[in-house]
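In what follows, a single structure is set out as structure tokens and then discussed.
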There are 2 protein chains.
Amino acid sequence: MPRSASRSVVVDLIAVLAAVTGGEPRVMTVEHGSALPSGPFELAHRSLQHGLRDWVEQRTHHPLGYLEQLYTFADKDRAGAESAARTISISYLGLAREQAAAAGAAEWHGWYEYFPWEDHRDGPPPVIAGTLAPALAAWAESAPSAAERSHRRQRAAISFGLDGATWNEELTLQRYELLYEAGIVAERLRREGREEAAGAGRAMIADHRRILATAIARLRAKIKYRPVVFELMPPTFTLLQLQRCVEAIAGRTLHKQNFRRLMEQQELVEEAGGATTETLGRPAKLFRFRHAVVEERAFAGTKLPLARS
Amino acid sequence: MPRSASRSVVVDLIAVLAAVTGGEPRVMTVEHGSALPSGPFELAHRSLQHGLRDWVEQRTHHPLGYLEQLYTFADKDRAGAESAARTISISYLGLAREQAAAAGAAEWHGWYEYFPWEDHRDGPPPVIAGTLAPALAAWAESAPSAAERSHRRQRAAISFGLDGATWNEELTLQRYELLYEAGIVAERLRREGREEAAGAGRAMIADHRRILATAIARLRAKIKYRPVVFELMPPTFTLLQLQRCVEAIAGRTLHKQNFRRLMEQQELVEEAGGATTETLGRPAKLFRFRHAVVEERAFAGTKLPLARS
DNA sequence: CACCATATGCTCAAACTGAGTATAGACGAT
DNA sequence: ATCGTCTATACTCAGTTTGAGCATATGGTG
């Protein structure tokens, strides 16, 4: 593998900016919700991270709390027939607070518009049993061999929690890719010049919806072992607001008492004094995030059965 | 952020190929251990992943079990003074089996050569107390303000498990970056034209050691919630061999009985029949990985306190 | 002032985890 | 032949964590 320069490659950045407002997770879009914000890779910036941060903060007029690299997409056929040149897209996931999301002329769209099957907060959404499950079943049956049919059925069942399998909210990307492979989402049909299907969520240009699926999957996984939720919250909040925010992202409901216990025993929050009066019922205490713990503790991932030293 | 093409960008791929042989984790290198294998981004391949896989398999003459994208590095000053053009490096982490690692003319180096402070299998390595801790303390004391001094001390203590803090094996990248910032690793000193320090591990060209640190951190985290160890094992193995492999990667020892229980209750392995005679003492049963479980189960990440539906 | 809605606290059993002790099977030395 | 050593495998147990219920506090509303 000799070292030689490969030119004529276009590099751009794509940002998935997420916020939770009014109990709904939203993503910043352009082109009336059909694309994620993107732009050329600027040579001027010291680092990718800095360039993107500057650009985002300029656009939202608010500091951006959290930013991490998501994935670099470079498959040959990802842009569809639209572009001839090879494009590499480096995507980032950013988290913004409520106020930031509300302000400015930026377009924010609820991310379940694009993935209606991902919101299980009120139980399994009807689109699964009504549209997706039958379409996936048809796709499975259309396989050439019996082995392949069985394999497809199993993949569909595991991804979508069918046939008694339990729903796993972290499989967002696998689910989207399965629907793409099965020809159920519009992006795939569009590629092949066919009619667009209804009921499989709102489409985006190129592979932007796949990038959004990647972001959702990453955030759903991350929220469980790093205290990133707080990047989405206002300075003070009630525990229920915090729980609602996690639920919005995870797309499922949590056990209230256990969620509280978890927050308290991890010492991630402290009372900020005061209480909300806006809500009905007994007023809830206000809390704030203990920034100190992030520094004090190195948030470990999961555990291995360690031996004592 | 108008759409416009940015040319004159060099894109290349860097592979971190890991294997565990003889209880030591190793990484494939070129240039006598001073660089990771890399090459230009080929436009011909259908996808990044495919291109890299072909190249690696050609080189090692063995199928590559696992391959995932690691990170895309694009900071302006990462290549040092050596290169004028802006380079983007897309790095991948691949796992190879023992045989693959042993065969061929490829150079494999133990990764603890580069990170001697990361191997805690025989307790905290002497290099920490002997070299790193004093150097970090000096660096902390050299800070201009008291607040900064205290902050530096805390960072060092948490990263390296000093002052009673517990060692967290997943912080490999943070530790390397801290040592870089403190001017303790050779890469930093080299940049500034100073003498190279001894005892802080073997250096690599450009930012290759940082990329290796990223790979180690990722693998250490991943091994806990995805069954990727098996990609490093031969077809059949004893449970102790499996444990030694995990220990080699994690850089710490595990509790034997609990490790076994974990393996068995997760049904990740099944008896392959037969036993090893090579070892002293009672022969150990041979096991094989149950590939089926990967398909059957969607390996969830960590847990949230879910409510029943 | 009863009632409603939400917040917060308490309890308990099932599951999981860390870690110890005991037994089994092969080999070599006495 | 037997004993000791070494490793593998099995059993046990207490402390902790988790899932989930019930109970009580505290405000507003009719």
Side-chain angles (χ1 to χ4, degrees), chain A residues 23 120 166-169 223-225 236-247 250 252-288 297 299-309, chain B residues 23 166-169 224-225 236-247 250 252-288 297 299-309:
Chain A
H120 285 231
T166 52
W167 175 258
N168 183 340
E169 70 280 357
I223 211 168
K224 293 174 186 168
Y225 63 96
T236 64
F237 45 82
T238 69
L239 289 181
L240 188 61
Q241 283 167 351
L242 184 64
Q243 184 183 339
R244 293 281 178 254
C245 183
V246 176
E247 290 175 338
R252 46 197 319 183
T253 53
L254 306 180
H255 188 105
K256 192 169 180 174
Q257 287 77 7
N258 294 344
F259 179 80
R260 281 156 178 279
R261 177 170 57 188
L262 206 71
M263 286 299 121
E264 281 163 16
Q265 83 182 21
Q266 296 205 151
E267 297 176 293
L268 286 171
V269 294
E270 64 190 0
E271 292 190 22
T276 38
T277 50
E278 293 154 27
T279 175
L280 218 62
R282 175 171 168 177
K285 287 185 202 158
L286 287 172
F287 288 82
R288 81 166 67 89
R297 284 217 290 270
F299 284 88
T302 339
K303 286 165 247 167
L304 278 178
L306 294 173
R308 14 154 244 182
S309 62
Chain B
T166 52
W167 175 259
N168 182 343
E169 70 279 357
K224 292 175 188 167
Y225 64 95
T236 65
F237 46 82
T238 70
L239 289 180
L240 188 61
Q241 283 169 350
L242 184 65
Q243 184 182 340
R244 292 283 178 254
C245 182
V246 175
E247 288 176 339
R252 47 196 318 183
T253 53
L254 305 180
H255 187 103
K256 192 170 180 173
Q257 288 76 6
N258 295 342
F259 180 81
R260 282 157 175 279
R261 176 168 58 187
L262 208 69
M263 286 299 121
E264 281 163 15
Q265 83 183 18
Q266 294 205 149
E267 297 176 290
L268 286 172
V269 294
E270 62 190 0
E271 292 191 23
T276 39
T277 50
E278 295 153 27
T279 175
L280 217 64
R282 173 171 169 180
K285 287 186 202 156
L286 287 172
F287 288 82
R288 81 167 67 88
R297 285 215 291 270
F299 283 87
T302 340
K303 285 166 247 167
L304 278 176
L306 294 173
R308 18 156 239 180
S309 60

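All values derive from a computational prediction rather than experimental measurement. Side-chain atoms are counted along with the backbone in the values below, which use heavy atoms only and exclude waters and symmetry mates.
Put simply, CZ on B:F259 is 15 Å from C1' on D:dA8, counting in whole angstrom units. Atom NZ in B:K285 sits about 13 Å away from atom P in D:dA8, given to the nearest Å. Distance A:L262 CG to D:dT16 P: 17 Å, rounded to the nearest Å. For B:Q265 and C:dA15, the CD to P distance is 12 Å, given to the nearest whole Å. Nucleotide C:dC10 holds its C1' atom 13 Å from the CD atom of A:E264, rounded to whole Å. The interatomic distance linking B:L239 (CG) with D:dT9 (P) rounds to 6 Å, in whole Å. D:dT17 atom P lies 17 Å from atom NE2 of A:H255, rounded to whole Å. As rounded to whole Å, 16 Å separates atom P of D:dA8 from atom CE of B:M263.
Going from atom CZ of A:F237 over to atom NZ of A:K285 covers 14.0 Å, rounded to the nearest 0.5 Å. Taking CG from B:L286 and CD from B:E270, the interatomic distance works out to 12.5 Å, rounded to the nearest 0.5 Å. Atoms CD and CD, from A:E247 and A:E169 in turn, are 11.5 Å apart once rounded to the nearest 0.5 Å.
Residue B:F287 comes nearest to B:L239 through the heavy atom pair CE1-CG, 3.6 Å, listed as atom of the first residue, atom of the second, then distance. Between B:W167 and B:R252 the shortest heavy-atom distance is O-NH1, 3.1 Å. Heavy-atom minimum distance, A:L242 versus A:M263: CD2-SD, 3.7 Å. Across all non-hydrogen atoms, the minimal contact from B:L240 to B:R260 is N-NH2, 4.5 Å.
The phosphate of C:dT8 has OP1 or OP2 within less than 4.0 Å of a side-chain N or O from A:R260. OP1 or OP2 of C:dA7 lies within a sub-4.0 Å distance of a side-chain N or O belonging to A:K256.
If you check every strand for non-hydrogen atoms under 4.0 Å, B:L240 touches sugar and phosphate atoms only.
Taking A:Q257 as the reference, A:H255 meet the side-chain hydrogen bond (donor to acceptor under 3.5 Å, both in side chains) condition, with sequence neighbours excluded.
With A:Q243 contributing its side chain and A:L254 its backbone, the two residues share a donor-acceptor pair below 3.5 Å.
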Could I get a table of every N or O pair under 3.5 Å where one atom is in the protein and the other is in nucleotides 12-14 of chain C?
none

Can you pull every protein N or O that's under 3.5 Å from an N or O on nucleotides 21-24 of chain C?
unit_1	atom_1	unit_2	atom_2	d
C:dA24	N3	B:R282	NH1	3.1

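Ranked by how close their nearest DNA chain D nucleotide is to the 5' end, A:P283 and A:N258 are led by A:N258.
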